[in-house]
Amino acid sequence: MSENPSRRLPELKPVERRTFLRYSLIGATSAGLAGFGASVLGFLWPNLSGGFGADITLPVSAAELAATIREERAPFAFPAGRMYIVTWDPNTPGAEEQYGEDHPVTADGVGLMALFQKCVHLGCRVPWCQSSQWFECPCHGSKYNKWGEWMGGPAPRGLDRFPSRIGDDGNLIVSTGTVLTGPARTERVLQQEPEGPACVDL
Ligand code: FES
């Protein structure tokens, strides 16, 4: 269940940035093999500036990250940092007040937010469900919307998250040494119904 940020697969050739993003996003779409694939790809990137617990600079510009997440309709899974990057809309009523302080907005007006991948119930890694567009925990059925807000199940709140900022080079920097407690069940800002069949039916 836990990842080891120091793992490397030296015999594999570097992948292009865009390819890396696409493979990581595809890898986030199901709980099993795809999740494993995303994990392996995450370990391949050679320029991770800090391990989990430190500031991590993502290897892609915030603008490209936001565009790819929207295009793929899936979060960017970054297992080495134990996180998913999701987009959020600062124009949604209440969003700026809830998330604006700790989660940046790109020059194009797209919010980015780093969610801790660990379920706040008992700690399972929560996979992304592409069909429902929710995060769905296979352990006891907790569900979270695409901003990581609680939607159902035994989890006591929404997913925890990390503060982030956009660096001078335009890349997203995530402070994984600081865990922000997820929003309370009643603090849901995004009104998002499931957009298709669930991946977990518990
Ligand atoms: S660990 Fe996720 S629902 Fe229990």
- request: Starting at CG of Leu65, measure out to CZ of Phe78 and round the result to the nearest 0.5 Å.
  value: 10.0 Å
task: Check the hydrophobic clustering (I, L, V, M, F, W, Y; side-chain heavy atoms under 4.5 Å; chains of links allowed) and say if Phe52 and Ile173 are grouped together.
output: no
query: Does any non-hydrogen side-chain atom of Ile69 lie less than 4.5 Å from one of Val86?
result: no
message: Can you confirm if the NZ or CZ of Arg185 lies within 45° of the ring axis of Trp150 and under 6.0 Å from the centre of its six-membered ring?
response: yes
query: Below 4.5 Å, heavy atoms only, C-beta onward: do Leu58 and Asn171 meet side chain to side chain?
result: no
- request: Scan Tyr84, Phe162, Tyr144 and name whichever one has a ring pair (Phe, Tyr, Trp, His ring centres under 6.0 Å) with Phe116.
  value: Phe162
query: With the 4.5 Å side-chain cut-off for hydrophobic clustering, are Val179 and Leu122 part of the same group?
result: no
- prompt: So, do Gln133 and Gln192 sit near enough that their side-chain heavy atoms are less than 4.5 Å apart?
  reply: yes
task: In a single word, yes or no, tell whether Cys124 and Cys139 have an SG-SG distance below 2.5 angstrom.
output: yes
- prompt: Are the side chains of Phe135 and Ser142 in touch, meaning some heavy atoms are under 4.5 Å apart?
  reply: no
Separation of SG atoms, Cys129 and Cys199, below 2.5 Å: yes
- prompt: Are Leu172 and Phe76 co-members of a hydrophobic cluster defined by side-chain heavy atoms under 4.5 Å apart?
  reply: yes
- request: May I ask you to test the Pro104-Ser164 pair for a side-chain heavy-atom distance under 4.5 Å?
  value: yes
field: Close side-chain approach of Asn145 to Met151, heavy-atom, < 4.5 Å
entry: yes
- request: Give a yes or no on whether Leu190 and Trp128 share a hydrophobic cluster (residues Ile, Leu, Val, Met, Phe, Trp, Tyr; joining criterion: side-chain heavy atoms under 4.5 Å apart).
  value: yes
- prompt: Hey, are Glu195 and Arg73 close enough for a salt bridge, meaning a charged N less than 4.0 Å from a carboxylate O?
  reply: yes
query: Is the number of heavy atoms from other residues, nucleotides or ligands under 6.0 Å of Asp201 CG greater than 12?
result: no
Residue pair Thr176 / Arg82, side-chain heavy-atom distance below 4.5 Å: no
- request: Count the heavy atoms belonging to other residues, nucleotides or ligands that lie under 6.0 Å from NZ of Lys143, then report whether that count exceeds 12.
  value: yes
message: I'd like to know if Val105 and Val189 are part of one continuous hydrophobic network [Ile/Leu/Val/Met/Phe/Trp/Tyr, side-chain heavy atoms within less than 4.5 Å].
response: yes
- prompt: Do Trp147 and Met113 touch side chain to side chain, with heavy atoms closer than 4.5 Å?
  reply: yes
- line: Applied to residues 97-112, the side chain to side chain donor-acceptor pair (under 3.5 Å) test, sequence neighbours excluded, yields Tyr99-Glu149
